[in-house]
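These numbers come from a predicted model, not from an experiment.
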Amino acid sequence: VKTALVVEDLPDIRQWLCDTLVQAFPLARISSASRVDEALYALQSHSFDLALIDLGLPDGAGVEVIRRLRDAQPQALSVVITIFDDDAHLFPALQAGAFGYLLKDQPQDLLVRQLMRITQGEPPLSPAIARRVLAYFAQAQTRRAQSVIALEDQIALTDRENDVLLRVSKGFTLPEIGKQLSISRHTVADHVKQIYRKLGVSSRAEAALEAVRRGIVNT
Amino acid sequence: MLVTTLPRKPMLSSTPIVAGSGTESLFHIRMRLSLAIAALLMMACLGVFRALSEPSSGWRFDVDANQTVQAIELSGHQRLHDVQSISGVDCSGAPMQMALTADLMRETGGIAEYYSEHQRFYAAHERLWTLLSCSHATSTPLTVVHSGGSALLALEPKPLRELGLRFWFPWVFGLLAFSVGLAVWVYRPVDRTASWYLLASASYAFWVMVVAAMGSRHLTQPSLGLQALHQACHAAGHLYLICLCMLLWRFPISLDRPRFRESALMWGMLVWATAAMAIDVMQWVPTINWGFRLPNLALVVLLALLYTAQWRASRDDPLKRAPLKWLGFLLLLTLSLGFFTTLFAVANQWTVGRMAYGFAPMSLVFLGFVPLVTRLKLFKLEVWWARAWLWFLGGVLVVMLDVLLVRWFALDGGAALGVALALAGWLYFPMRQWLWQSMSRSALPQTSDILPDIVALSAPSPGRSPSDAWQRLWENHWHPLSVRELAIAEQLEICDQGQSLRIPGLGSLPALELGMPLRGARLYNTLDLKRAQEVCTLVRVGLDAANAAQQGALEERQRIASDLHDDLGAKLLTIAQTAEQPQHGSRVAELARQALEDMRLALRGLSAGPMRVSDLQADWRAELMARLDVANIEAIWQANDAPQALLLTATAQVQLTRVLRETVSNVIRHSQAKHCVVGIHWDTQSLNVRVQDDGIGLPRLQAVPGQRQGLGLNNIERRVHKLGGLIRWESSSLGGLSMEADIPLHALKSATSN
């Protein structure tokens, strides 16, 4: 990680997050923003490898920053930082392209460890979010079946990914799942990564499809 | 309180219901009553004597299907077919013979169109009567020549029992009509409409009596006056209509004008009827159509005109319009009955004894008049009226189609009736639907229109008093002449003969009295009552729901408040105290994080709905395993499959999560354990939670002063008790501490789980 962006409106927390990033990635160049418009401005002039984004910003939702970052700089990792880890808060952000989330109120060393894990391709996935993702893909399946225009095949989950997701939703940890499926912990993490990617891609594709459909209706 | 002050119509002056002036003595009433009873008896006897004046041979003559005359034995079922002639003696004792033809068996001479035929009919009957009465006087039996030879019939005075239904049916109806007319006259002698009413009923009764006597004859009726009676019936028919016209001149509104008074109408009609009767009696025209039917029809047209005038005059006066509607229906019904009976009789050349069944129900107009005079629940009749109209129209449609098919398409009777019924069904039912809807829509507010106001009423907004909204609801949809708050109204009811509607209060909403609906253009009826009942029910349901929602919101707020107070408050207090001691920095951070977790949970309790037990268990597993893993304690998860359909309330989710989380936190922080077993066991009645470790155990933990409080054991205990459960700590078989809690499911279950 060479460049990172922190989007957080509370100055103390912003500083603390910057410190955490420095601890995790001592060589990284860190920018910070306190508002959506500042963050969007920063996206225009700089490219980032990592962005920590708070969801509740004074001039709008952090989800918008995540979406723009995904569109403008697909290589960047967006990570949600929040004090609410429930699926209702997080799922829209994950759909917009966020690759994992962190709870702000954890001790700094724990946060550093989790951050390292995410950047190494091992994002966290709670049972509640796994259930949401499962439901989303199940619905996407039926939507696809009804849709006139076919979406790309890659957006559907593979059987193995589905299997992993199902086990996560039942409360099993990633090492446990690895043991159950006789695969390495890294392979499980890869599956989780793919699930995140497909969630983002799928929702983007559907948004595009919806736009096309509306266009057809309008003309 | 807003009291609508719309221009209130003056209360309609209604004529007294019973008896005229107070000065009238009982003697007068009694005298009139005696007179009335005498008249009634006279009328009754007149009919009976007339019918009994014919000597009886024990046989009755009629026409069979082949249009030949047949004789039917009254006591047995013997028949003599194809009767050709009848013979007896005349009054000089000379033998006399007469041919019997089907024409002679017609109900009356009047069925034929030409007066010449009437003459022949009545002349033949005059001779028949001579034959019959002279044979009876000389005790000569009648000889009947028929296809099978001849028969001798002895003559005797007609006994009462031979009169039969064809006599008694019209007789009873005629007397009923007459008695109603008499009753009105007895109790309202000063009212001139009552006199016209009496005269109408008398002329009707007279006419029906003649019809009864004629219809019940075995062969013929006394010659003296047979044709005269027939003509008297015509006169009665004119008089009946004249009386009804006079009635409609005064009822319900007097149509007197300075330039045209009641007397002018009366004299005009009398002159018209007299002229018509003169033409009829003198037979100055060839057919009865010109001599009687058309002049009579002209009176019907006049009646219709007068009705229209009354309708116009009463357009702003629903109290008078209501009886008028009813009267109109009655008139149309009876006049159609008369019209169609005549039409059928002429078209099918009815033979003796049938017309009475058509004419007798015409007395309904007099019976139907009773509610008009007594003003009995007229507002109810108003609803009735519309239904009766539709019913009546259906009948008329069938009859019209039937006649049309028989006359113009030459179908036979049975087929025509079938086709007519089918056609009428197809045409009539959609039409009725449409008519009924348009009739009821025009006047009655629709529930779907009222619904938004009802919803608004049950979702009160600040700055708008509910009782104003309540009042406005009735105003907007019924447009009453006035709205008045009542101290109390026991029940929903129509008062003052449909002039007002009383609505009972609902909860804090006041009872109301509404004046006439549609700004006084109509009366309240039973449909209004039904609709108002619906509205009241809906409002009550809405208010109940709103109250329940408010109650629920209040309880929820109290729960959140107690959560914040018990958990967050206590933790923040501890943070404040601990923060003053600088060496406890890390402890403060930990407490603050716990406070944040508490807040997260409290918020989840706010926003989350009921949750499936299996999902909750998965969340617990992921969280506890991860935390124990981070703390380097080997976690062993032992759980049975949660019941699939079980849903837990948000409160239960939060409390159970806290119990588990805090217990596991204790294990991590204080036990120095290497292993931890978390057991969750669901059965049908309860949830069993057990957390065991192989750490230092309770005795050594409690040995540290103040530790029990620091462990938060009290908090855990409180939560379990709050859920109605039992908790105990003991030494674990693993060597450390064991916590076990039993919580009954009924306290956790969401209402939606099954």
Count the heavy-atom pairs under 4.5 Å between each of B/L596, B/V630, B/L624 and chain A, then report the option with the highest count.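 Option with the greatest count: B/L596.
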At a heavy-atom distance under 4.5 Å, which candidate from B/A589, B/A626, B/S614, B/A618 has the highest pair count against chain A? B/A618
Which region of [X], side chain (C-beta onward) or backbone (N, CA, C, O), has a non-hydrogen atom less than 4.5 Å from a non-hydrogen atom of chain B, or is it both or neither?
X: A/Q106; value: backbone
X: A/T173; value: both
X: A/P107; value: both

Enter the distance from B/S686:OG to B/L726:CG here, rounded to the nearest 0.5 Å.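 If I round to the nearest 0.5 Å, the distance is 10.0 Å.
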Between the SG atom in B/C676 and the CG atom in B/L628, the distance rounded to the nearest 0.5 Å is 5.0 Å
Test B/D615 against every option in A/K170, A/R131, A/R132 by the salt bridge (charged side-chain N to carboxylate O under 4.0 Å, His left out) rule and name the one that passes.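 It is A/R131, the one option of A/K170, A/R131, A/R132 that forms the salt bridge (charged side-chain N to carboxylate O under 4.0 Å, His left out) with B/D615.
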Classify the side-chain pair B/T651/B/Q655 by whether it contains a donor and acceptor separated by less than 3.5 Å. no
Tell me yes or no: between the side chains of A/R117 and A/Q120, is some donor less than 3.5 Å from an acceptor? no
Heavy-atom pair count under 4.5 Å with chain B, highest-scoring of A/A130, A/P127, A/A128: A/P127
